[in-house]
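When a ligand or atom number is given, it counts from 1 through the structure's own listing order. Heavy-atom basis, side chains included; hydrogens, waters and symmetry copies ignored.
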Amino acid sequence: MYSTAQFERRQEKDMTKLELRNISKTFTLHNRDAIKVSGFSEVTFSVKRGELLALIGPSGVGKSSILKAIYRTYLTDSGSISFHRRDGSVVDLASCSESRILDLRKREIGFVTQFLKVLPRVTAIQAVAAPLIELGEMEKTSLFQAARLLELLGIREELFHISPLTFSGGEQQRVNIARGVIAPKELLLLDEPTASLDDQSSSRVLDLLLDLKRNGIAMIGIFHDKAKIGKVADTTYEITRTALTMPKAMRQEAA
Ligand SMILES: Nc1ncnc2c1ncn2[C@@H]1O[C@H](COP(=O)(O)OP(=O)(O)OP(=O)(O)O)[C@@H](O)[C@H]1O
């Protein structure tokens with residue numbers, strides 16, 4: 001039997017999606033006399049189901065590199081990255097196999113970058129529907145959902161059947177976000193998702209993020225604008241440059 005406090009602690013623990021423990025990364029530039037460049041050091045934080053953590057800190061402090069380490073684009077030098085899977089099992093993203101990470105990227109962990117990468121002649125609606133079709137969903141249903149998302153993000157219908165490579169920066173970014181969130185994910189990594197958007201488009205994206213939170217998706221996002229952080233983030237984690245000072249985690253109420 002659990003006491004109420006023990007039960008609540010257990011429930012809280014069960015909701016954890018991702019735990020980073022003392023991860024560090026130094027880049028070694030082998031083609032430049034093995035010069036060493038510090039990526040980030042001693043980073044420790046965790047994110048729960050339905051929580052959005054905003055990563056903040058000055059330019060070059062390692063924010064994007066941390067997201068890339070979680071997605072395993074970069075290998076870390078030390079520490080662990082425990083990801084709590086949909087089925088309840090826990091996997092260390094810092095050390096699991098390549099095939100495991102590829103499967104997780106397809107089914108559970110999404111990464112929305114600022115830049116859209118699609119092949120020429122693929123239309124916007126096809127680009128957005130693709131991750132869902134890849135998971136086995138019917139093409140018609142996937143295209144319908146893609147259209148709904150594009151509309152939600154304010155993309156004009158006349159653009160749906162055109163290659164997004166011809167779109168404006170802000171339109172491309174919104175197509176990229178739609179593509180990143182269309183398939184159900186457990187954890188989303190967002191690298192400046194509102195960077196090139198005007199106020200109205202930013203609001204649409206932030207509303208979508210709030211909706212994803214309500215659906216239990218855990219998110220880690222890099223944002224530079226305090227007002228945006230205040231609107232969507234539950235937690236703010238400040239990255240500092242020195243290895244000797246523990247980075248500061250601050251709790252703040254979501255607006
Ligand atoms: N592939 C790489 N090879 C060498 N150094 C790298 C690599 N990726 C990142 N770095 C270095 O790691 C440091 C952190 O870079 P990162 O892009 O993570 O910073 P950031 O906090 O996201 O910056 P910004 O806010 O300007 O985007 C920088 O000094 C950068 O030069």
Point to revise | Part of F40 with heavy atoms under 4.0 Å of ligand 1, whether side chain, backbone, both or neither | key: neither
Point to revise | N or O contact, E192 vs ligand 1, cut-off under 3.5 Å | key: no
Study note, to complete from the structure: of all protein heavy atoms, closest to atom 8 (N) of ligand 1 is Y74 OH, 3.0 Å
Point to revise | Shortest protein heavy-atom distance from atom 25 (O) of ligand 1, along with the residue and atom involved | key: K63 NZ, 2.8 Å
Practice item. Determine if the distance from atom 14 (C) of ligand 1 to the closest protein heavy atom is below 4.0 Å. Key: yes
Check your understanding: With no hydrogens and no angle check, do the side chains of S64 and D191 hold a donor and an acceptor under 3.5 Å apart?
Key -> yes
Study note, to complete from the structure: For L119, the other hydrophobic cluster members (4.5 Å side-chain criterion, sorted by chain and number) are V122
Point to revise | Stacked cation flag K117 on F115, 6.0 angstrom / 45 deg | key: no
**Study point:** Residues D199 and S202: side-chain donor-acceptor under 3.5 angstrom
**Key:** no
Point to revise | atom 17 (O) of ligand 1 [closest protein heavy-atom partner, distance rounded to 0.1 Å] | key: S64 CB, 3.8 Å
Practice item. Output the list of atoms in ligand 1 that are nearer than 4.0 Å to some heavy atom of S65, sorted by atom number. Key: 9 (C), 14 (C), 15 (O), 16 (P), 18 (O)
**Study point:** R85, CZ: over 12 other non-hydrogen atoms inside 6.0 angstrom
**Key:** yes
Exercise for review: Return the residue, atom name and 0.1 Å-rounded distance of the protein heavy atom closest to atom 10 (N) of ligand 1.
Suggested key: F27 CE1, 3.3 Å
Check your understanding: Taking only heavy atoms of P58, which atoms of ligand 1 are found under 4.0 Å from at least one of them?
Key -> 21 (O)
Check your understanding: Of all the atoms in ligand 1, which lie at a distance below 4.0 Å from a heavy atom belonging to S38?
Key -> 12 (O), 13 (C)
Exercise for review: Sort out for me which residue in K231, K228, R214 forms a salt bridge (Lys or Arg N to Asp or Glu O under 4.0 Å) with D207.
Suggested key: K231
**Study point:** contact_flag I239 ligand 1 heavy-atom lt 4.0 Å
**Key:** no
Practice item. Take R100 and D103 through the test salt bridge (charged side-chain N to carboxylate O under 4.0 Å, His left out) and record every step on the way to the result. Key: CA-CA 5 Å; R100 172 65 61 85; D103 188 57; 5.9 Å; no
Review point. Do the charged groups of E171 and R156 touch, with an N to O distance under 4.0 Å?
Key: yes
**Study point:** atom 28 (C) of ligand 1 [closest protein heavy-atom partner, distance rounded to 0.1 Å]
**Key:** G60 O, 3.8 Å
Point to revise | Single hit among E51, M219, E186, K48 for side chain to side chain contact (heavy atoms under 4.5 Å, CB included) with K17 | key: E186
Review point. Does I222 reach ligand 1 with a nitrogen or oxygen that is under 3.5 Å from one of the ligand's nitrogen or oxygen atoms?
Key: no
Study note, to complete from the structure: Restricting to heavy atoms, the pick from L29, V37, I35, I56 nearest atom 4 (C) of ligand 1 would be L29
Exercise for review: Considering only non-hydrogen protein atoms, determine which one is nearest to atom 26 (O) of ligand 1 and report residue, atom name and distance to 0.1 Å.
Suggested key: S59 OG, 2.6 Å
Check your understanding: For the side chain of N176 and the backbone of T113, is there at least one donor-acceptor N/O pair under 3.5 Å apart?
Key -> yes
Review point. So is G62 in contact with ligand 1, going by heavy-atom distances below 4.0 Å?
Key: yes
